[in-house]
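Below: one structure, written as structure tokens.
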Amino acid sequence: MNALTETHRIAGDQVPNGASISVRNLSVTYANGFTAVHDASFELDPGTICALVGVNGSGKSTIFKAIMGFVRPSAGDVRLCGMGVDEALKKNIVAYVPQSEDVDWNFPVLVETVVMMGRYGHMNFLRMPSRADRYKVDEALERVGMSAYRDRQIGELSGGQKKRVFLARSLAQEGRIILLDEPFTGIDVKTEAAIIGLLRELRASGHLMLVSTHNLGSVPDFCDQVVLLNRTVLAAGPTAEVFTQANLERAFGGVLRNFQLGGPALHDDDDARQVTVLTDDERPLVFYGDKTRKGEDGR
Amino acid sequence: MTELLGELIVPFGYNYMLKAMWVSALVGGVCAFLSAYLMLKGWSLMGDALAHSIVPGVAAAYILGAPFAIGAFFAGILASLGMNFVKQQTRLREDAVIGLVFTSLFALGLLMASIWPTSVSIQTIVLGNILAIADEDVVQVAIIAGVTLLIMVFIWKDLMVTFFDENHARSIGLNTTLLKVIFFTLLSACTVAALQTVGACLVIAMVVTPGATAYLLTDRFGRLIVISVALGVATSFVGAYISYFLDGATGGVIVTLQTLLFLAAFFFAPKHGLIAARRRRMTATEAAA
């Protein structure tokens with residue numbers, strides 16, 4: 001653990017002026033005429049973990065694409081650390097951790113090769129790794145606890161290990177802004193905790209993390225800020241203010257299940273308080289005392 | 001014994017045979033280089049479509065006495081424009097569109113060749129004729145192969161990142177669109193070059209088989225390229241050599257050799273081969289019992 005804090009202090013030194021994202025009145029219309037995001041605005045400061053929350057098709061991936069210059073805004077703009085997107089990308093400011101489904105796990109590359117890809121932006125045009133590059137790769141692998149697996153083909157890893165490899169790549173890249181696309185899909189609780197721990201360390205060193213997720217339960221745990229999307233920004237700001245039941249119901253409309261447990265269904269006294277469960281799972285299992293309650297759809 | 005040896009070195013005594021072997025090896029090498037990428041993206045059949053689509057261009061070039069590469073270039077553009085147009089205007093699936101456009105153009109090429117049989121030989125285009133390759137064609141093929149090789153040596157890692165994870169490639173400031181355009185331009189150019197050696201029908205093998213074989217032999221992309229290129233060069237050189245004794249059909253010999261090596265890897269590859277997999281399963285069952 002000491003080694004971890006040590007490396008993170010070194011990384012922190014290289015981030016003198018922190019990361020920031022500024023999205024102003026962003027609209028993105030695709031070639032087929034579909035407007036995926038309309039008039040979206042939010043500002044994020046250094047040392048922040050921000051959740052990007054919304055249903056499928058709410059524009060989460062479009063926002064990511066706009067930050068990486070994949071799509072051009074039809075109106076408004078995106079500034080990263082005060083720079084335009086292309087300039088920021090050239091300076092290796094943005095690191096991207098892909099969704100597991102988007103990766104070809106049969107691709108013939110080893111773990112260490114993937115992490116080395118994070119260094120390519122720092123190398124000359126021939127992409128010949130220097131000793132410093134190798135050191136950064138070793139360090140990144142060590143930090144996510146994947147050093148023992150460096151010679152494995154990426155498809156041979158478990159879901160959590162795969163995720164850690166791509167996190168190591170973003171560490172090796174030394175991007176100040178890290179975009180994580182659904183990082184908790186298909187991984188176990190232990191890996192989730194480890195990833196969240198790492199994100200917190202990065203936050204302490206001034207990084208800015210934007211996490212697209214539909215894993216609502218863990219958002220208040222580790223996110224300082226939340227941007228709620230539904231084709232535009234419904235609400236953005238500190239988690240405590242934005243991540244409310246009313247806002248979430250607005251963001252998810254009828255998509256989420258909304259269970260209310262309380263009153264005489266649960267206990268014999270007249271305590272009127274209720275437990276509300278918002279979930280995209282069809283039948284969540286809820287324990288109350290020693291009794292198991294079947295989720296009853298409150299709608 | 002010396003008589004047999006003498007017999008075996010006969011092809012090296014003929015200028016046209018030497019030319020055929022070296023040109024084949026060069027083309028086999030660059031095609032194999034590109035095959036390492038092509039087979040990973042599920043685009044393998046694109047090579048086939050391309051090779052068939054450029055046939056009318058090559059035929060037109062021969063009829064007009066122009067360099068065949070120029071005719072192929074225009075036919076290639078026509079093919080991709082045609083595919084895009086049909087795809088936009090109809091709801092047909094991509095494979096149907098590719099199949100439709102490339103067969104139409106191939107048929108047009110065959111038609112042109114049968115109308116002007118004196119200037120174009122169908123056999124040359126469809127089956128290739130490296131043994132009778134003209135000197136100016138050798139120059140064209142050498143330029144295509146040389147330039148492709150040079151560019152690929154510089155961009156192979158950037159292409160690897162682009163093909164593996166395009167988002168990441170963007171995030172490190174690579175122009176992925178440009179890289180893909182370069183790749184497909186090189187692929188088209190090499191398809192044209194391969195047309196000369198193995199013919200339109202077998203080009204697909206040149207841009208798929210070596211990469212597919214190497215894929216079974218290693219998990220490191222850098223090694224995969226080296227193995228693939230080595231296989232491409234060796235099979236093409238030896239194939240051209242053997243074809244001297246079999247009297248023609250160079251393309252058939254080269255591709256047969258490549259297939260034999262693929263089969264060998266398929267069964268005997270140390271990690272991904274059939275036998276290795278079976279042995280692993282046996283050990284696992286024994287361990288469980």
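In what follows, chains are A, B, ... by sequence order, proteins preceding strands, each numbered from 1.
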For atom [atom1] of [X], decide whether the heavy atoms of other residues, nucleotides or ligands shown that lie under 6.0 angstrom number more than 12.
X: B:Trp156; atom1: CH2; result: yes
X: A:Glu101; atom1: CD; result: yes
X: A:Asn124; atom1: CG; result: yes
X: B:Arg280; atom1: CZ; result: yes
X: B:Phe184; atom1: CZ; result: yes
X: A:Tyr30; atom1: OH; result: yes

Does B:Lys41 come within less than 4.0 Å of A:Asp104, counting only side-chain N to carboxylate O? no
Could you grab the distance from atom [atom1] of [X] to atom [atom2] of [Y], nearest 0.5 Å is fine?
X: B:Glu166; Y: A:Asp102; atom1: CD; atom2: CG; value: 11.5 Å
X: A:His122; Y: B:Ile172; atom1: NE2; atom2: CD1; value: 9.0 Å
X: A:Arg127; Y: B:Asp158; atom1: CZ; atom2: CG; value: 4.0 Å
X: B:Ser171; Y: A:Arg169; atom1: OG; atom2: CZ; value: 6.5 Å
X: B:Phe164; Y: A:Ile154; atom1: CZ; atom2: CD1; value: 3.5 Å
X: B:Asn167; Y: A:Met68; atom1: CG; atom2: CE; value: 4.0 Å

Considering non-hydrogen atoms only, spot the tightest contact between [X] and [Y] and give its length.
X: A:Asn106; Y: B:Tyr215; answer: O-OH, 2.7 Å
X: A:Leu126; Y: B:Val153; answer: CD2-O, 4.4 Å
X: A:Pro129; Y: B:Lys157; answer: CD-NZ, 3.9 Å

Chain A contact via [X] - side chain, backbone, both or neither, heavy atoms under 4.5 Å:
X: B:Ile155; value: neither
X: B:Leu224; value: side chain
X: B:Thr218; value: backbone

Under a 4.5 Å heavy-atom cutoff, which of A:Lys90, A:Gln173, A:Lys91 has the most pairs with chain B? A:Gln173
Among A:Glu87, A:Lys65, A:Arg152, A:Gln153, which residue forms the greatest number of heavy-atom pairs with chain B at distances under 4.5 Å? A:Gln153
Report which part of [X] has an atom under 4.5 Å of a heavy atom belonging to chain B: side chain, backbone, both, or neither.
X: A:Glu112; result: side chain
X: A:Phe166; result: side chain
X: A:Val114; result: side chain

Does some side-chain heavy atom of A:Glu156 sit less than 4.5 Å from a side-chain heavy atom of B:Asp219? yes
Measuring only between side-chain heavy atoms, which start at C-beta, is B:Met160 closer than 4.5 Å to A:Met117? yes
Look at B:Gly173, B:Ala36, B:Ala169 and state which one has the largest set of heavy-atom pairs under 4.5 Å with chain A.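 Option with the top pair count is B:Gly173.
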Think B:Arg170 forms a cation-pi with A:Phe70, using NZ or CZ under 6.0 Å from the six-ring centre and within 45 degrees of its axis? yes
A:Phe107/B:Phe221 aromatic ring centres below 6.0 Å: yes
Would you mind telling me which of A:Asp151, A:Val109, A:Thr113 makes a side chain to side chain contact (heavy atoms under 4.5 Å, CB included) with B:Arg220?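 Checked A:Asp151, A:Val109, A:Thr113 against B:Arg220; only one passes side chain to side chain contact (heavy atoms under 4.5 Å, CB included): A:Asp151.
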